[in-house]
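Remarks on the structure that follows.
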Amino acid sequence: MSSDASNESGPDLAQGVPIESLGEAGLLSGHVGNDAVLIARLGDEFFAIDAACTHYHGPLAEGLIVGDTVRCPWHHACFSLRTGEAVRAPALSPVACWSTEIRGDKVVVLHKKAPPAASVTSPAGAPQKIVIVGAGAAGFAAAERLRRLGYAGSLTMLSDDEAPPVDRPNLSKDYLAGSAPEEWLPLRDDAFFADQRIDLRLNAGVTRLHVAAQEVELADGSKVPYDRLLLATGAEAVRLPIPGMDLPHVHTLRTLADSRAIIARAANARRAVVIGASFIGLEAAASLRARGLEVHVVAPEQRPMERVLGPQMGEFVQRLHEEHDVVFHLGNTASAIDPQHVSLKAGGKLEADLVVVGVGVRPRLALAEQAGLAIDRGVVVDACLQTSAPGVFAAGDIARWPDPHSGTAIRVEHWVVAQRQGQTAAMNLIGGREKFDAVPFFWSQHYDVPINYLGHADSWDEISVDGDIAGRDCFLRYKRDGRVVAVASIYRDVESLRAEVEMERDLR
Ligand SMILES: Cc1cc2nc3c(=O)[nH]c(=O)nc-3n(C[C@H](O)[C@H](O)[C@H](O)COP(=O)(O)OP(=O)(O)OC[C@H]3O[C@@H](n4cnc5c(N)ncnc54)[C@H](O)[C@@H]3O)c2cc1C
């Protein structure tokens, strides 16, 4: 991704900068003392906020002003210029606001403002007890947003995982590669849950949902009552129905425990076979290369990621991995695994002392199915993310929602979508009627190359390519019936943000 917002780079904003230096984009970053600060111009108004996104420290000065917000170029987080609030995921924490003053033809940044006082009163009509099943992207974002909205009632989050909410996308990227320490993974520390009175219960698998009685049942038989419920149970990695899948050196990758187990195994492994050329499989391949393992990838398709990104980008991704000495065995599948090998259906065996199976995920629908909620390859929700049972909402990888952009009901497996759905669900759990209409967005990272994708295209009849894919500077438009339904880009971040705004405007 592009440059980082380092603290003392750029002009000293306490000394002031000429107004005209803000340029057409209306954004300029500099510093005040040791703090990196961004100045943004909205007509005759000037705002100053921290310069780095609170998600992955993306440089907001390279983003886009939309209304009275600024969007981050890296993963499309969005901050209010007026209050610093993190309006849209993936950022969940606000940025600080600074006061400004105009002196002649200069804008000067004065001092950091105190954060706005948190609201503590429950919105009118809010229920007394909210229960969230799942502590992943959607569940956590919902809990966090509920408290930010001023919901003061009881809030319980039940997770069958042993780990608190973590930055799941990192589990196949920097953490797995060894370049991000484990301290970076938790979305919040323990103190946050205590301060916010979020009763986070780990190792608390929910086994049944009793809609009529408004309660969920845990594995130990205990029951937790609710007034409103959010189902955010996510997805689980698909396992292969082949001999050897249960061997100790064979792993899937969904949880922190999975990622830790792969890291532990990689420490003494020489050669890994990744089964599946999915996003997660290939990110894992890149991370294992960073750890010095030989990596072979086995997958049935002719080009990795072609189904989602098209042949040109698929070919680029394959070449990129080959440049890093990953060996592909495409048009092939694994038929068996033994302690030293993966056998291939087309014949032959690959040596492997570590196997990562990345052949897709399956939404975790058991609770919803057993409770009789409407299901259609996912939990069916309305535009406000309510399921067929009043008061029961669903968000994230399990939810199939009426996507107004594609005009169809879709279910996707994207971190940012899950978080934003959690945020919309939060509003509706306390009586709001907010429709979920965000443009789907995901990113994937392979070595130093980020791929950003916006929109949703199950199929297309044309892909137009601006720029040079091999040169890692490109913008692809996926068109159906002459209309752009999705875009993918590498290092064209502002164009990607503009495309998001255009898709939002098309809707209106
Ligand atoms: C390794 C990896 C890398 C990824 N990288 C990216 C990326 O780069 N970009 C991107 O857009 N997306 C990425 N994704 C996908 C993204 O993480 C998911 O789309 C997102 O986490 C979905 O959020 P969710 O809340 O629906 O589910 P999850 O985050 O999976 O959370 C589900 C939660 O529900 C709990 N749960 C399930 N069933 C029960 C039950 N019965 N009782 C109690 N608790 C239960 C689980 O333990 C978990 O806490 C990645 C996924 C993985 C695994």
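Bear in mind that the values here come from a model prediction, so they are computed numbers and not experimental data. First listed ligand is number 1; within each ligand, the first listed atom is number 1.
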Q | contact_flag K173 ligand 1 heavy-atom lt 4.0 Å | A | yes

Q) So is A135 polar-close to ligand 1, meaning N/O to N/O under 3.5 Å? A) yes

Q. Which residue supplies the protein heavy atom nearest to atom 36 (N) of ligand 1, what is that atom called, and how far is it?
A. D160 OD1, 3.4 Å

Q: Check whether the side chains of H329 and H296 place a donor and an acceptor atom closer than 3.5 Å, and report yes or no.
A: yes

Q: Please state which part of R254 comes within less than 4.0 Å of ligand 1, counting heavy atoms only: side chain, backbone, both or neither.
A: both

(Q) If I apply the N/O under 3.5 Å rule, does G205 come out as touching ligand 1? (A) no

(Q) Between V487 and E495, is there a side-chain heavy-atom distance shorter than 4.5 Å? (A) no

Q.
Just to confirm my output: which protein heavy-atom neighbour is closest to atom 52 (C) of ligand 1, and how far is it?
A. I280 CD1, 3.4 Å

Q. Just to confirm, does any protein heavy atom lie below 4.0 Å from atom 14 (N) of ligand 1?
A. no

Q | Flag for S159-D161: side-chain donor and acceptor within less than 3.5 Å | A | no

Q) Measuring from the heavy atoms of A204, does anything fall under 4.0 Å of ligand 1? A) yes

Q. Hey, is ligand 1 close enough to S444 that some N/O pair sits below 3.5 Å?
A. no

Q | Backbone or side-chain N or O of I398 under 3.5 Å from ligand 1 N or O | A | no

Q: Would you kindly specify which portion of A418 sits under 4.0 Å from ligand 1, judged on non-hydrogen atoms: side chain, backbone, both or neither?
A: side chain

Q) Among protein heavy atoms, which sits nearest to atom 26 (O) of ligand 1, and what does the distance come to when rounded to 0.1 Å? A) D397 N, 2.8 Å

Q. For S93 and R188, does a side-chain donor sit closer than 3.5 Å to a side-chain acceptor?
A. yes

